[in-house]
Enquirer: 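Before anything else, here's the structure in question.
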Amino acid sequence: MSINEEIISMLKKTVLSATTTGRIPDVGLLDIQIDYPKRQEYGNLSTNIAFLIAKKISTSPYLVAQIIIESMEKIEGLISRVEIAGGGFINFWVSKERLYKVLKEIEETNESYGTSNIGQGEKVLIDFVSANPTGPLHVGHGRGADYGDILANILAFCGYKVTREYYINDVGTQMRTLGESLKARYLQLLGQDVQLPENGYKGEYMVEIARTLHRQERDTCRNEEVGFFTNFAKESILEDIRKTLIDFGIQYDSWFSEKELYDSNQVDEVIDSLKKLGFTYESEGALWLKTTAFGDEKDRVLIRQNGEYTYFAGDIAYHKNKYDRGYDVLINAWGTDHHGYIKRLEAAMSALGYPANNLVFLLCQLVSLIRDNQPVSMSTRAGEFVTLSELIKEVGQDVARFFFVMRKMNSHLEFDLNLAKQSSKENPVYYIQYVHARTCSILSRAKEKGLSLNQTADLNLLKLDEELALIFKLASLPQEIINCARFYEPHGLTAYLIELAGIFHNYYQHHRVISANKELSQARLVLVNAVRIVIRNTLTLLGLTAPQRM
RNA sequence: GCGCCUGUAGCUCAGUGGAUAGAGCGUCGGACUCCGGAUCCGAAUGUGGAGGUUCGAGUCCUCUCAGGCGCGCCA
């Protein structure tokens, strides 16, 4: 049990006993909150429980707090001091013994320190990036990629069974346009005077693909159908996307093709089901789904007048397929430009009788790139966007990943290339990674001097305020991770790392780890090692490297 | 016009309805002959606006102003 859990359990017991002895009336269930106070003189943790109770029974929070403290069912070795402050806050100081236990725990659990089991083995499928295979990933996709991957890491750490999936939109008009564009570029290489189609893909990468095709097949493809070119373009682009994601440190468990949904009749089947359920109708030559019956603004088309299926039709089949594969939670990490699409998909799934509340939509706001205080144009049509792989090349994988996840996903991200690159030494990524390198360096230095990590080190020697604050910060990692998982917000971990790094650097600057005092040195080495483990585990969750040297 | 998101320090942004609103960058001034100076210490500047809810509001509600995105038988 974590310290927070122990305190909550202690408070629950206390309230129960105060109720049974009649000192407090029965107030029912309480949502007890444990806070981290902002000021050191308020202790390590605080609770507002007295305010909650006082409100229900209309009395003074201070009085309630007093009663709670007097009837406190103390847990042995957990708390060293309790105080009332600010008119009703109850502040706790965690005992040294409890903190030393955390150090032991970190050492023993090592790579798995910070894990929890709030997921209880629930199966989660997270669909992220899923950019159309019509061009290279750009910077905006990078944010979604980073976010989805880190979220998957965090959920897995919290006991969920996570699958990362990429949904490939490989049917429809855009695919035809893609094939036509490649064919035009290819024929141009053969010296023919051919124009790109009107909404064709103008990017330079299409010329590259045409060159590759020409290199492989010479002029033998000149009479091939568009479908041939579509396929060739799709495969080369997907290969490029896959490679870019690997360069970014991201591996998918599954690549799911929309085309296969059609080929295996799953789209027709799902439309049949919807028809039988009576949620469809025909109008103006098209087939509509009554999404308004489930709160959508207007009904949506499934099959167009010209007989083609909409993207929506395929997506319903896709989500049905995901449920049928046995996933409990379906997470869709999309760009904010898809938000209008959520209602209709929820409506469709409700119509089919699937639990809509297991559908989770997480929207990443857009990214704008800034260079030399000027916005960088990222128009896809003109083919002048900055690709993700260019960004990785320019600022490095770690910096790119950290910058993407540093902000809340529903705020816009301004990615300042100059800041990320030129002032890289002032960069928070390095600030954090430096802690890792430094701890590694201290440990190896200690080893040279014949001081090794020792199970029997006397941790009681760690009694400086800075040391206890540092350990307490290490102790809060599991809870930090749980909070991130619960709200699907990984950016909290970046803040955690910056704070932890600050505390450590400060400590290091003012106190020697390795000194003439052998016992003290050994105790401090245990602390340093614990910092190393926590930093490394958290960096790993964020998809970042933990360098031993820099 | 309607819907979603965002307005917090000079800039980029944190901030479970809780106590004196915090970081980084930038600016200015300092630090051990020492385990890594990619470090540390110190200084300054504040919630777009108006109401409301309550013991308490950056956080919740209403209105308003400003910016972004979306409102296809595109994907």
Side-chain angles (χ1 to χ4, degrees), chain A residues 31 33-39 41-42 46-48 51 54-55 58 60-61 85-89 91 131-132 134 169 171-175 199 258 283-288 297-298 300-312 314-315 335-343 363 365-366 368 370 373 403 406-416 419 423-431 433-435 437-446 448-449 483 486-487 491-492 494-495 498-499 501-502 504-515 521 524-525 528 549-550:
Chain A
D31 183 23
Q33 301 278 336
I34 301 291
D35 286 321
Y36 298 104
K38 287 173 189 155
R39 305 174 65 82
E41 62 258 38
Y42 296 144
S46 78
T47 178
N48 63 347
F51 288 95
K55 188 164 203 166
S58 307
S60 138
F89 291 101
N91 297 329
N132 295 340
T134 55
N169 301 126
V171 290
T173 47
Q174 43 143 13
M175 282 290 111
N199 292 315
E258 182 183 12
S283 172
E284 301 164 54
L287 184 73
W288 296 72
E297 295 167 1
K298 50 185 173 184
R300 308 292 175 174
V301 170
L302 292 171
I303 303 178
R304 292 188 262 161
Q305 211 171 26
N306 65 8
E308 288 184 19
Y309 293 79
T310 59
Y311 173 82
F312 180 42
D315 219 17
T336 181
D337 49 337
H338 287 70
H339 83 257
Y341 192 78
I342 294 173
K343 268 243 165 73
L363 302 182
Q365 292 286 332
L366 302 181
S368 41
I370 308 288
N373 294 319
F403 269 58
M406 200 162 38
R407 306 306 181 200
K408 226 176 2 191
M409 284 308 131
N410 56 4
S411 33
H412 301 230
L413 177 67
E414 203 154 284
F415 199 115
D416 188 328
L419 184 67
S423 63
S424 64
K425 292 206 170 171
E426 315 306 324
N427 200 307
V429 192
Y430 297 107
Y431 182 73
Q433 289 179 323
Y434 191 58
V435 174
R438 193 171 235 180
T439 51
C440 290
S441 163
I442 295 168
L443 290 166
S444 63
R445 186 59 185 267
E448 287 169 17
K449 293 198 168 187
N483 289 346
R486 190 166 286 153
F487 301 107
H491 73 279
T494 63
I498 291 172
E499 283 169 28
F504 178 77
H505 281 313
N506 183 297
Y507 171 65
Y508 174 87
Q509 201 74 23
H510 293 101
H511 305 284
R512 289 195 60 84
V513 175
I514 302 169
S515 65
S521 301
R524 287 182 173 174
L525 283 174
V528 167
R549 272 190 214 91
M550 293 174 67

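We name chains A, B, ... by the order of the sequence lines, and we start the count at 1 in each one.
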Enquirer: If you measure from the P atom in B:C40 to the same atom in B:A23, how many Å do you get, rounded?
Expert: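 It works out to 12 Å between them.
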
Enquirer: If I pick the C1' atom on B:C13 and the same atom on B:G56, what distance separates them, to the nearest angstrom?
Expert: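 To the nearest whole Å, 26 Å.
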
Enquirer: Do the rings of A:Phe415 and A:Phe403 sit parallel, tilted or perpendicular, given the 30° and 60° boundaries?
Expert: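 Aromatic pair A:Phe415/A:Phe403 classed tilted.
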
Enquirer: Assign A:Arg39 to base, sugar-phosphate, or nothing according to its heavy-atom contacts below 4.0 angstrom with the strands shown.
Expert: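 Base: the residue A:Arg39, judged by heavy atoms under 4.0 Å, touches a nucleobase.
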
Enquirer: Would you classify A:Gln305 as touching base, sugar-phosphate or nothing, given that sugar-phosphate means primed atoms plus P, OP1 and OP2, and contacts are heavy atoms under 4.0 Å?
Expert: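 Answer is base: heavy atoms of A:Gln305 come under 4.0 Å of a base.
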
Enquirer: Taking the C1' atom in each of B:C4 and B:C41, what is the distance between them to the nearest angstrom?
Expert: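 Rounded to whole Å, the distance is 45 Å.
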
Enquirer: Base, sugar-phosphate or nothing for A:Lys343? Non-hydrogen atoms, less than 4.0 Å.
Expert: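 No contact.
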
Enquirer: Is a side-chain N or O of A:His339 found less than 3.5 angstrom from the main chain of A:Thr336, in a donor-acceptor match?
Expert: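 Yes, A:His339 side chain to A:Thr336 backbone: donor-acceptor pair under 3.5 Å.
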
Enquirer: Using only heavy-atom distances, decide whether a donor-acceptor pair under 3.5 angstrom links the side-chain of A:His338 to the base of B:G70.
Expert: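 Answer no: no donor N or O sits under 3.5 Å from an acceptor.
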
Enquirer: Tell me whether the side-chain N/O atoms of A:Lys408 come closer than 4.0 Å to OP1 or OP2 in B:G15.
Expert: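 Answer yes for this pair, as a side-chain N or O of A:Lys408 is under 4.0 Å from OP1 or OP2.
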
Enquirer: Pick base, sugar-phosphate or nothing for A:Ser60, based on heavy-atom distances below 4.0 Å to the nucleic acid.
Expert: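 If one applies the 4.0 Å heavy-atom cut-off, A:Ser60 turns out to touch nothing in the nucleic acid.
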
Enquirer: Heavy-atom nearest nucleotide on RNA chain B for A:His491 versus A:His511: which residue maps closer to 5'?
Expert: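 Whichever sits nearer the 5' end wins; that is A:His491.
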
Enquirer: Has the side chain of A:Arg438 got a donor or acceptor atom sitting under 3.5 Å from an opposite partner on the base of B:U39?
Expert: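 Side chain to base: no pair present.
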
Enquirer: Any strand is fair game: report the nucleotide pairing with B:A23 by Watson-Crick or G-U wobble, both distances under 3.5 Å, or none.
Expert: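 When the pairing criteria are applied, B:U12 turns out to be the nucleotide that pairs with B:A23.
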
Enquirer: With both distances kept under 3.5 Å, what pairs with B:A57, Watson-Crick or G-U wobble?
Expert: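 When the pairing criteria are applied, nothing turns out to pair with B:A57, so the answer is none.
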
Enquirer: Using a 4.0 Å heavy-atom cut-off, does A:Lys38 contact any base of the nucleic acid, only the sugar-phosphate backbone, or nothing at all?
Expert: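 Here A:Lys38 touches the backbone only, sparing every base.
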
Enquirer: Considering only atom C1', compute the distance from B:C11 to B:G46 and round it to an integer number of Å.
Expert: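 Result for the C1' pair: 14 Å, nearest Å.
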
Enquirer: Return the pairing partner of B:C2 with a 3.5 Å limit on both distances, Watson-Crick or G-U wobble; otherwise return none.
Expert: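 Base-paired to B:G70.
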
Enquirer: Between A:Ser46 and A:Pro37, is there a donor-acceptor pair closer than 3.5 Å when you use the side chain of the first and the backbone of the second?
Expert: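 Here the side-chain-to-backbone pair does not exist.
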
Enquirer: Nearest to the side chain of A:Gln365 - B:C5, B:A38, B:C71?
Expert: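 In terms of side-chain proximity for A:Gln365, the closest of B:C5, B:A38, B:C71 is B:C5.
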
Enquirer: For B:G24 versus B:G42, give the span between their P atoms, rounded off to a whole number of Å.
Expert: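 My reading of the P atoms in B:G24 and B:G42 gives 11 Å.
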
Enquirer: Across the strands shown, which category fits A:Ser441 at heavy-atom distances under 4.0 angstrom: base, sugar-phosphate, nothing?
Expert: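 Here A:Ser441 touches the bases of the nucleic acid.
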
Enquirer: In the structure shown, which nucleotide is the Watson-Crick or G-U wobble counterpart of B:A44, with both distances under 3.5 Å?
Expert: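 Its partner is none (no Watson-Crick or G-U wobble pair with both distances under 3.5 Å).
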
Enquirer: Taking the same atom, C1', in B:C61 and in B:U54, what whole-Å distance lies between them?
Expert: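 Rounded to whole Å, the distance is 13 Å.
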
Enquirer: Look at all strands and tell whether A:Glu499 reaches a base, only sugar-phosphate, or nothing, counting heavy atoms closer than 4.0 Å.
Expert: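 A:Glu499: no heavy atom of the nucleic acid under 4.0 Å.
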
Enquirer: May I ask you to verify if any side-chain N or O of A:Tyr508 is less than 4.0 angstrom from the OP1 or OP2 atom of B:C41?
Expert: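 A:Tyr508 to B:C41 OP1/OP2: no side-chain N or O under 4.0 Å.
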
Enquirer: Please state the C1' separation for the pair B:A44 and B:A50 - nearest whole angstrom.
Expert: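 B:A44 and B:A50 have their C1' atoms separated by 30 Å.
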
Enquirer: Between A:Ala286 and A:Phe487, which has a closest nucleotide on RNA chain B that is more 5'?
Expert: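 The residue closer to the strand's 5' end, by nearest nucleotide, is A:Phe487.
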
Enquirer: Other residues, nucleotides and ligands only: do more than 12 of their heavy atoms fall within 6.0 Å of CD on A:Glu308?
Expert: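 Yes - once you tally the heavy atoms of other residues, nucleotides and ligands closer than 6.0 Å, there are more than 12.
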
Enquirer: Does A:Asn91 contact B:A19 through a side-chain donor or acceptor facing the base, at a distance under 3.5 Å?
Expert: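 Looking at the base of B:A19, it does pair with a donor or acceptor on the side chain of A:Asn91 (distance under 3.5 Å).
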
Enquirer: Would you mind reading off the distance between A:Asp337 atom CG and B:G3 atom C1', rounded to a whole angstrom?
Expert: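 Interatomic distance, CG of A:Asp337 to C1' of B:G3: 15 Å.
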
Enquirer: Less than 6.0 angstrom from the centroid, inside 45 degrees of the normal: does A:Arg438 satisfy that with respect to the ring of A:Tyr508?
Expert: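 Output yes; distance and angle both within limits.
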
Enquirer: In whole angstrom, give me the gap between the C1' atoms of B:G26 and B:U45.
Expert: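 Nearest-Å result for B:G26 against B:U45 at atom C1': 13 Å.
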
Enquirer: Atom CG of A:Asn410 to atom C1' of B:G15: distance rounded to whole Å?
Expert: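 Those two atoms, CG and C1', are 14 Å apart.
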
Enquirer: So, does the side chain of A:Thr134 form a donor-acceptor pair with the base of B:A75 at under 3.5 Å?
Expert: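 It does not, because no donor-acceptor pair links the side chain of A:Thr134 to the base of B:A75 below 3.5 Å.
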
Enquirer: Give a yes or no on whether a donor-acceptor pair under 3.5 Å exists between the nucleobase atoms of B:U12, that is its base, and the side chain of A:Glu414.
Expert: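 Checked by distance alone, the answer is no.
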
